[in-house]
Amino acid sequence: MTWFRNPAVSIAITLLAYALAVALHRRWRWIPPIVAACAPIMLLLLALGEPYGDYNRGGSLLTWILGPATVALAVPMYRQGKILRPLLPRLTVVVVAGAVVGMGSAGLMAWLLGAPLPVIMSTVPKSVTTPIAVELCKELKGIPQITIALVICAGVMGASFGVPLLRLAGVRNGLAIGAAMGTASHGVGTASLLRHSELQASVSSWAMAAAGVFTSVLAAMLMLFLR
Amino acid sequence: MIDTARGFAVIVGFGLLGTLLHWLGIPLPGGVLGLLLFFVALSTGLVKLAWVERAAALLLRHMVLLFVPLTVGLMEMGQVLQRQAAAIIASLLVSWLAVLLTTGWLGRLLLPGDAVADAARDAAAEGAQ
């Protein structure tokens with residue numbers, strides 16, 4: 001079927017699948033919207049024998065909007081930054097440490113288990129919010145699909161087990177929990193916090209955006225070092 | 001509607017500026033450069049929050065839609081995923097836990113406890129009134 005080559009067709013299908021996924025997620029909170037949106041599209045492509053490349057002619061137009069979505073992260077960073085001003089120096093230390101540990105441990109672990117370089121590089125940006133992770137993965141010559149899958153898993157793990165694990169580790173401080181969830185599990189972790197306080201939600205969304213920025217700076221340094 | 005369109009124009013403009021700077025040799029991704037420039041513009045008052053609030057909220061709320069096409073591409077990655085599954089999953093679990101605990105413990109050490117934080121927020125709110 002050649003009409004799949006028309007970008008409008010795949011955009012329409014993607015929008016439809018997304019609307020359906022959001023509705024499902026509203027009814028059953030445990031269904032991750034990304035899974036519910038992607039599964040029917042994959043099944044449809046497989047059933048019709050359509051190559052991914054044809055679908056992605058329209059799909060890549062949506063992917064392009066991830067660029068502006070990254071830029072838009074400046075808004076929560078600015079708004080939360082104003083509320084958090086006295087805490088920012090300490091919060092920066094916490095998030096930078098998390099970014100270093102996240103990149104280092106992911107890359108090291110994959111390398112130790114014998115993964116090839118593109119796979120190692122795909123694991124490095126896995127803690128940060130999707131649009132930034134995708135851009136970093138491309139810079140590092142990784143495989144964006146793998147990075148996205150990891151980012152989603154990191155988010156879902158945070159939403160499901162983050163707070164109980166932190167409590168188990170003796171972390172009960174609301175702001176520390178917010179910072180940890182934003183740094184380790186980006187927007188999905190942040191959204192799952194039961195809003196212990198407005199301040200905690202601020203800390204978490206600031207940490208999410210800042211982790212993306214600091215990880216980018218660290219990745220740039222890594223690339224200069226590797227060159 | 002016009003409001004949202006104006007916000008999009010501003011945001012895309014910063015994105016393009018970031019892409020240009022990246023192309024000129026700054027080693028940060030274009031989107032992140034755009035984010036930083038946009039942040040500076042908001043902080044200095046060059047761009048008013050009210051101009052961009054709606055467009056930014058729309059982009060952030062429906063971000064999941066934007067990474068559907070890339071994720072669908074996983075259907076072509078079966079072989080790589082299968083061969084590297086152990087490394088990928090181990091790296092994810094270990095690294096996620098490491099980040100969570102590092103930031104959690106460091107946060108407990110450095111950030112104020114709940115009682116202090118609440119008091120500070122109340123004081124700030126009173127000061128602002």
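Letters A, B, ... are given to chains in the order of the sequence lines, protein chains preceding strands, and every chain is numbered from 1.
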For [X], which atoms come within 4.5 Å of any heavy atom of chain B: side chain, backbone, both, or neither?
{"X": "A:Trp111", "value": "neither"}
{"X": "A:Leu61", "value": "neither"}
{"X": "A:Pro118", "value": "neither"}
{"X": "A:Ile34", "value": "both"}
{"X": "A:Val217", "value": "both"}
{"X": "A:Val134", "value": "side chain"}
{"X": "A:Val119", "value": "side chain"}
{"X": "A:Ile132", "value": "side chain"}
{"X": "A:Thr63", "value": "both"}

Check whether any side-chain heavy atom of [X] lies under 4.5 Å from a side-chain heavy atom of [Y], and answer yes or no.
{"X": "B:Thr71", "Y": "A:Ile152", "value": "yes"}
{"X": "A:Met109", "Y": "B:Ser95", "value": "no"}
{"X": "A:Leu113", "Y": "B:Gln84", "value": "no"}
{"X": "B:Leu100", "Y": "A:Met157", "value": "no"}
{"X": "A:Leu165", "Y": "B:Trp96", "value": "yes"}
{"X": "A:Glu139", "Y": "B:His22", "value": "yes"}
{"X": "B:Ser91", "Y": "A:Leu112", "value": "no"}

*asked:* Only heavy atoms, only distances under 4.5 angstrom. Which residues in residues 60-69 of chain B are near chain A?
replied: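 The list, in residue order, reads B:Leu60, B:Arg61, B:His62, B:Met63, B:Val64, B:Leu65, B:Leu66, B:Phe67, B:Val68, B:Pro69.
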*Check: B:Arg108 side chain, A:Gly170 main-chain N or O, donor-acceptor pair, under 3.5 Å*: yes
*Backbone N/O of B:Leu70 and side chain of A:Asn56: donor-acceptor pair under 3.5 Å*: no
*Heavy-atom distances under 4.5 Å only: say whether B:Ser43 touches chain A with side chain, backbone, both or neither.*
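Contact with chain A is through both the backbone and side chain of B:Ser43.
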*Answer with side chain, backbone, both or neither: which region of B:Ala86 has an atom nearer than 4.5 Å to a non-hydrogen atom of chain A?*
backbone
_Residue list, salt bridge (charged side-chain N to carboxylate O under 4.0 Å, His left out) with B:Glu76, at least two apart or on another chain_ = none
_Non-hydrogen atoms of B:Leu49 and A:Arg79 that approach each other most closely_ =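 Answer, listing the atom of B:Leu49 first, then A:Arg79: CD2-NE, 3.9 Å.
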*Identify the two heavy atoms, one from A:Ala149 and one from B:Leu74, that lie closest to each other, and give their separation to 0.1 Å.*
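Residues A:Ala149 and B:Leu74, closest heavy atoms: CB-CD1, 3.9 Å.
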*asked:* Which one wins on heavy-atom pair count under 4.5 Å against chain A: B:Gly34, B:Gly15, B:Gly104?
replied: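 The answer is B:Gly104.
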*Only one of A:Leu73, A:Thr70, A:Val71 clears side-chain contact (heavy atoms from CB on, under 4.5 Å) with B:Phe38; which?*
A:Val71
